[in-house]
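Heads up: the structure comes next, in structure tokens.
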Amino acid sequence: MSAETTERDPDRERAESRAFRLLPEERAAGSDDARAQATAILAESDRRTADPGAAPDTVLERRTSDQTVTEPPD
């Protein structure tokens, strides 16, 4: 066996897994290569996760539950 077949590639596995779970609207967009489409989707998702301002008109707030809970008035 070559090193290529024995080493795991998490990015490739992630893309292959995502390719099998395309959303209906992603399938409707059509693609001859579902894995390439999934790779592009994941890359965009990773950019938005790393930089919440990367998506226009999207605000992603990251707060813990104790930051969102307010005490009821007495």
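In this text the structure is predicted, and so the values were computed from the model without any measurement. Positions are given from 1 along the sequence. Atoms considered below: every heavy atom in the structure, side chains included; atoms not considered: hydrogens, waters and symmetry mates.
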Closest approach of A15 to A38 (non-hydrogen atoms, all atoms of both residues): O-CB, 3.4 Å
Test side chain to side chain contact (heavy atoms under 4.5 Å, CB included) applied to I41 and L22, step by step: CA-CA 10 Å; I41 291 166; L22 291 176; 3.9 Å; yes
Min side-chain heavy-atom separation R21-E26 under 4.5 Å: no
Any D46 side-chain heavy atom under 4.5 Å of R14 side chain: yes
Euclidean distance, D9 CG relative to E16 CD, rounded to 0.5 Å: 8.5 Å
Check: R35 main-chain N/O paired with T39 side-chain donor or acceptor under 3.5 Å: yes
